[in-house]
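Taking it in order: structure first as structure tokens, then the write-up.
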Amino acid sequence: MAFSLYSHILTHKSLKPNNFTYPSLFKACGSHPWFDHGRALHTHVFKFLEPPYDHFVQASLLNFYSRYGKLSLSRYLFNQICKPDLATWNSILAAYARNTSIDLSVDALFLFNEMQNSLIRPNEVTIVALIGVCADLGALSQGTWAHAYVLRSNLRLNRFVGTALIDLYAKCGCVDLANQVFDQLPHKDTLCYNAMIRGLAIHGHGRKAVDLFDKMRWEGVRPDDVTLVVVMCACAHVGLVEEGLKCFESMKEVYGIEPKLEHYGCLVDLFGRAGRVREAEEMVRMMPMKPNAVLWRSLLGASRLHGNLELGEVALKHLIQLEPETSGNYVLLSNIYASINRWDDVSRVRKLMKDHGVDKTPGCSLIEIGGAMHEFIMGDKTHPHSKEIYLKLEEISRRLHAHGHRPRTKEVLFDIEEEEKEDALSYHSERLAIAFALIASDSNAPIRIIKNLRVCGDCHVSTKLISMIYDREIVVRDRNRFHHFRNGTCSCLDYW
DNA sequence: CTAGGGTTAG
């Protein structure tokens, strides 16, 4: 291995490594088994190089740690650089972009702001990181600003920037814009297609996704394992079972791609969503690797969708083993019990949660109004316009009621009075965000919301009605996909 | 020209 040769050189006394040896070594240590080597290398840097360290070396060091998820260490090292240059700025921003947490993404935006204050001019690499952060946040106007910056500053709209933009627009609910960028790219590689196919998938355009997959091969762009994942995911979300199966079966022979856990996961989801629960279960038993939490959760989702209790119970049993602290799993099964009035079982699941010390993750919705992001936590009253928002919520509830909507209180986990349950539902974070948007944005532009959890059954029904009553398009990004509410219907066709 | 950059089942 080239690596051991390098370590040999490093330990050789007569060969003193210089600023150019280290970065390539850190890069080589950036994947799986070589974390310890990279750490050892870091110690070498201290021994052999005199501070101040070269930026080239610093950047590669930041990068190395962030690839192993050690963001705070990267940040610590970054803070010690007194005058960061373009490379070090890009490295730290890329480190933040690798992380999807909301708080860290917000930190990244502040960091970018700081970079601009330091008068270092961003290049394509900076913008790619920035766009990635915006995509995670669903910060459409910040992302659009970044796009405009590329055009204004004569940066190249290369395939890196292009892919990031496609992903941004798709994750902000604007598939058409994603498509426009996609069409403008002169040289599209596999990743460009993957991002676009995935974008179509999360918006429920399964047929278009499959067509694009066909076009991709027609254009001679080679599909990879990710392509197959996103195409099968697109099929699963619109019930194109045969198409999805065909993809899976052709993977190995036609494309020479060995199916991984994700592909089996897609297959299970494909069957599960379509109500072919038997086949889904059989697949779990037959597959050559051990099913993980994502896969069991997809089965749990299928059992909710099709009311298959036994399957749900089996799935939760496995989920408790694999991730005992994820509240969503318990809530999902509890809701299935509640929907068929098995209250004893509901309390049993609640007790299970207590035993494992699990609290329900609070729902959180983000919405962008006038270029600023607003965050709402379920039931929170900390927003400066809280008073108006709650007045609006009352109005919404009244109008929903007038349209015959009765809150589906069965899905409320807690053992509380019926009236309080209704409140709990109408204070779900996306409802707060919708109320605020109805007050604060006077245009007819769609209301775009980013949620940390899945939409609950009651919110799904109510939001459909709200879109009709207020004649407003509402676009909600779920934990895994989009819902376009319009005129009382949802683009997911209630199949989520 | 050169470090740093894009997609991934629920």
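As a basis for the values below, the full set of heavy atoms in this structure was taken, side chains included, without hydrogen atoms, waters or symmetry mates. Convention: sequence-line order gives letters A, B, ...; per-chain numbering from 1.
- As rounded to whole Å, 11 Å separates atom P of dG6(B) from atom CD1 of Ile131(A).
- Side-chain atoms of His237(A) lie closest to dG10(B) of the nucleotides dG6(B), dG10(B), dG5(B).
- Going from atom CG of Asn179(A) over to atom P of dT7(B) covers 18 Å, rounded to whole Å.
- What separates CZ of Arg304(A) from P of dG10(B) is a distance of 13 Å, to the nearest Å.
- Side-chain contact annotation: Asn194(A) with Arg198(A), donor-acceptor N/O pair under 3.5 Å absent.
- Set against dG4(B), dG5(B), dT8(B), the side chain of Ser91(A) has dG4(B) as its closest nucleotide.
- A salt bridge is absent between Glu368(A) and Arg477(A): the closest approach of a Lys/Arg side-chain nitrogen to an acidic carboxylate oxygen does not fall below 4.0 angstrom.
- Candidate nucleotides dG5(B), dA9(B), dT8(B) were compared by shortest atom distance to the side chain of Val125(A), and dG5(B) ranks first.
- Rounded to whole Å, the distance from OH on Tyr255(A) to C1' on dT8(B) is 17 Å.
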Protein-nucleic acid N or O pairs under 3.5 Å, nucleotides 1-3 of chain B:
none

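- Between the side chain of Ser60(A) and the backbone N or O of Val57(A) there is at least one donor-acceptor pair closer than 3.5 Å.
- Relative to the side chain of Glu262(A), the nucleotides dT7(B), dT8(B), dG10(B) differ in distance, and dT8(B) lies closest.
- In this structure, of dA9(B), dG5(B), dT7(B), it is dT7(B) that holds the atom nearest to the side chain of Thr163(A).
- Counting non-hydrogen atoms under 4.0 angstrom, Asn158(A) reaches a base of the nucleic acid.
- Glu124(A) and Asn158(A) are not linked by any side-chain donor-acceptor pair at a separation below 3.5 angstrom, with hydrogens and angles left out of the test.
- For Arg198(A), whose side chain is taken as the heavy atoms from C-beta onward, the closest listed nucleotide among dG5(B), dG6(B), dG10(B) is dG10(B).
- In this structure, Asp225(A) reaches neither bases nor backbone, as no heavy-atom distance under 4.0 Å exists between it and the strands shown.
- Comparing atom distances between the Glu124(A) side chain and each of dG5(B), dG10(B), dT8(B) picks out dG5(B) as nearest.
- Taking atom CG of Leu299(A) as the reference point, atom P of dA9(B) lies 17 Å away to the nearest angstrom.
- The distance between atom CG of Leu261(A) and atom P of dG10(B), rounded to the nearest whole Å, is 13 Å.
- In this structure, of dG4(B), dT7(B), dA9(B), it is dA9(B) that holds the atom nearest to the side chain of Asp269(A).
- His187(A) places its NE2 atom 21 Å from the P atom of dT7(B), with the value rounded to the nearest Å.
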